[in-house]
Enquirer: 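The structure follows.
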There are 2 protein chains.
Amino acid sequence: MATLGDLERTVMDLLWTTPEAMTANELRDAIAEAPSGEVGRELAVTTVLTVLSRLEKKGLVKRERDSRPHRYMSVTSREDHTAELMHEVLVTAPDREAVLARFIGSVSEAEAQTLRKLLGGS
Amino acid sequence: MATLGDLERTVMDLLWTTPEAMTANELRDAIAEAPSGEVGRELAVTTVLTVLSRLEKKGLVKRERDSRPHRYMSVTSREDHTAELMHEVLVTAPDREAVLARFIGSVSEAEAQTLRKLLGGS
DNA sequence: CGGCATGTTCTACGATATGTAGAAGAACAA
DNA sequence: TTGTTCTTCTACATATCGTAGAACATGCCG
């Protein structure tokens, strides 16, 4: 189960919200530029690179190796990743019906509405 | 985010599937008795107790302190816990609608059916 | 009342994950 | 080829988890 640390999470968030593939340097700068509420962290580029390698090993990140400053990007969208995680969690329980029942109870009305729409007919 | 290790998971599974509160010794024996597919593990009781303490600290387990061999039980049902986890995962993404859309795509038809039923009226 | 069982807490050590980064190696521009 | 830039290797600190011995507590049996 791919659980992410704080920094790993921060990096993934940046990769997920940036349309373009990013270099380690760009990421380092982006992290320094007030990432969501955190203290602006001045990290060494090597730190970012290490994290990227680890994320790559986990299959969450891929990189363009040919372009010289390697450019990194996420393998899946945040939405796909999140949905996958949710599913992984769901299947850990034998009684999925019961889990879904409770899950439904925890979502907002708006989300319930969305679900109805998505589940549509049949 | 409460991520569980393998042994912690095993213990929770036992507590979740056993109606009665259990003592550390009972748990040790239950673990030794072929837990789901694993190699029968002969653990020291202290090991089980340590794990139970950690699970207690995480809020997943509570114990009856008055009865002398303390009896341990889960705080929530597995279904509640799982549903909670799913929700925690869901809210990590800004675009929940999109996540739900993908999530729906990943569930089985039977589960989709269940969801329709649950979402039924308005 | 004083040991003996039985049970709980403290302390600890190895393994893995993660944050962090220096040192060393590779590649490219001049 | 030499300096600059980037990547990889190696390393250390902290946290979590599996594992359990040592020490402490408690109640039962004589």
Side-chain angles (χ1 to χ4, degrees), chain A residues 1-15 20-32 35-73 85 88 92, chain B residues 1-15 20-32 35-73 85 88 92:
Chain A
M1 189 106 19
T3 306
L4 301 185
D6 290 339
L7 181 50
E8 290 177 327
R9 182 76 200 178
T10 299
V11 169
M12 285 313 298
D13 279 342
L14 284 167
L15 290 178
E20 303 301 315
M22 302 175 82
T23 67
N25 267 299
E26 288 167 356
L27 277 165
R28 182 183 54 61
D29 294 345
I31 293 169
S36 49
E38 309 287 320
V39 213
R41 308 202 267 168
E42 288 289 338
L43 295 177
V45 191
T46 50
T47 300
V48 179
L49 281 163
T50 302
V51 170
L52 284 168
S53 295
R54 289 172 181 168
L55 288 171
E56 192 183 31
K57 194 174 307 170
K58 293 184 190 181
L60 291 180
V61 159
K62 64 177 181 288
R63 73 174 96 183
E64 289 167 6
R65 278 202 134 86
D66 35 328
S67 71
R68 213 28 182 131
H70 293 183
R71 308 194 78 83
Y72 299 79
M73 71 209 81
L85 263 191
E88 273 177 40
T92 60
Chain B
M1 186 107 23
T3 304
L4 301 185
D6 290 339
L7 182 49
E8 291 178 326
R9 184 76 202 179
T10 300
V11 169
M12 285 313 298
D13 279 343
L14 284 168
L15 290 179
E20 304 301 315
M22 301 175 81
T23 67
N25 266 298
E26 288 167 357
L27 277 165
R28 182 183 55 60
D29 294 345
I31 293 169
S36 51
E38 309 286 319
V39 213
R41 307 203 267 170
E42 290 288 339
L43 295 178
V45 191
T46 50
T47 301
V48 178
L49 280 163
T50 302
V51 170
L52 283 168
S53 295
R54 288 174 182 168
L55 288 171
E56 192 183 30
K57 195 175 305 172
K58 291 184 190 182
L60 291 179
V61 158
K62 63 176 180 291
R63 75 173 97 183
E64 290 166 6
R65 278 202 133 86
D66 33 330
S67 70
R68 214 27 179 130
H70 292 184
R71 306 194 78 82
Y72 299 80
M73 71 208 80
L85 262 191
E88 271 177 42
T92 60

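Lettering follows sequence order; numbering is per chain, from 1.
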Enquirer: Can you check the A:Arg28 CZ to D:dT7 P distance for me, whole Å?
Expert: 12 Å

Enquirer: Expressed as a whole number of angstroms, how long is the span from A:Glu26:CD to D:dC6:P?
Expert: 10 Å

Enquirer: CG/A:Leu7 to CZ/A:Arg41 distance, rounded to the nearest 0.5 angstrom?
Expert: 5.0 Å

Enquirer: Supply the atom-to-atom distance B:Thr46 OG1 to B:Leu52 CG, rounded to the nearest 0.5 angstrom.
Expert: 11.5 Å

Enquirer: So how far is it from B:Met22 CE to B:Met73 CE, rounded to the nearest 0.5 Å?
Expert: 12.0 Å

Enquirer: Separation of A:Arg65 atom CZ from C:dA26 atom P, in whole Å?
Expert: 15 Å

Enquirer: Pick out the pairs of N or O atoms, protein on one side and nucleotides 26-30 of chain D on the other, that lie under 3.5 Å.
Expert:
none

Enquirer: Tell me: CG of B:Leu55 to P of D:dT19, nearest whole Å?
Expert: 13 Å

Enquirer: For B:Glu88, give me all partners under salt bridge (charged side-chain N to carboxylate O under 4.0 Å, His left out), at least two apart in sequence or on another chain.
Expert: none

Enquirer: Counting only heavy atoms not in B:Asp6 (residues, nucleotides, ligands), do more than 12 fall under 6.0 Å from its CG?
Expert: no

Enquirer: With a cut-off of less than 4.0 Å, is there a side-chain N or O of B:Asn25 near OP1 or OP2 of C:dT6?
Expert: no

Enquirer: Starting at atom CD1 of B:Ile31, determine the distance to atom C1' of D:dA20, rounded to an integer number of angstrom.
Expert: 14 Å

Enquirer: Tell me, with the steps shown, if A:Leu4 and A:Val11 meet side chain to side chain contact (heavy atoms under 4.5 Å, CB included).
Expert: CA-CA 10 Å; A:Leu4 301 185; A:Val11 169; over 6 Å; no

Enquirer: Once you round it to whole Å, what is the distance between P of C:dG7 and CG of B:Asp66?
Expert: 16 Å

Enquirer: How long is the gap from CG on B:Leu49 to CZ on B:Arg28, to the nearest 0.5 Å?
Expert: 10.5 Å

Enquirer: Using whole Å, what does the distance between atom C1' of nucleotide D:dT19 and atom CG of B:Leu52 come to?
Expert: 14 Å

Enquirer: When you check the gap from the basic side-chain N to the acidic O, do B:Arg54 and B:Glu8 get nearer than 4.0 Å?
Expert: no

Enquirer: Measure NZ/A:Lys57 against C1'/C:dG19 and give the value in whole Å, please.
Expert: 15 Å

Enquirer: Would you mind telling me which of D:dA20, C:dT9, C:dT8 lies closest to the side-chain atoms of B:Ala44?
Expert: D:dA20

Enquirer: For the atom pair CD (B:Glu20) and CZ (B:Arg71), what is the distance rounded to the nearest 0.5 Å?
Expert: 7.5 Å

Enquirer: Got a list of protein N/O to nucleotides 14-18 of chain D N/O distances below 3.5 Å?
Expert:
unit_1	atom_1	unit_2	atom_2	d
D:dC17	OP1	B:Thr3	O	2.8
D:dC17	OP1	B:Lys58	NZ	3.2
D:dC17	OP2	B:Lys58	NZ	2.9
D:dG18	OP1	B:Asp6	N	2.7
D:dG18	OP1	B:Leu7	N	2.7
D:dG18	N7	B:Arg54	NH1	2.7
D:dG18	O6	B:Arg54	NH2	3.4

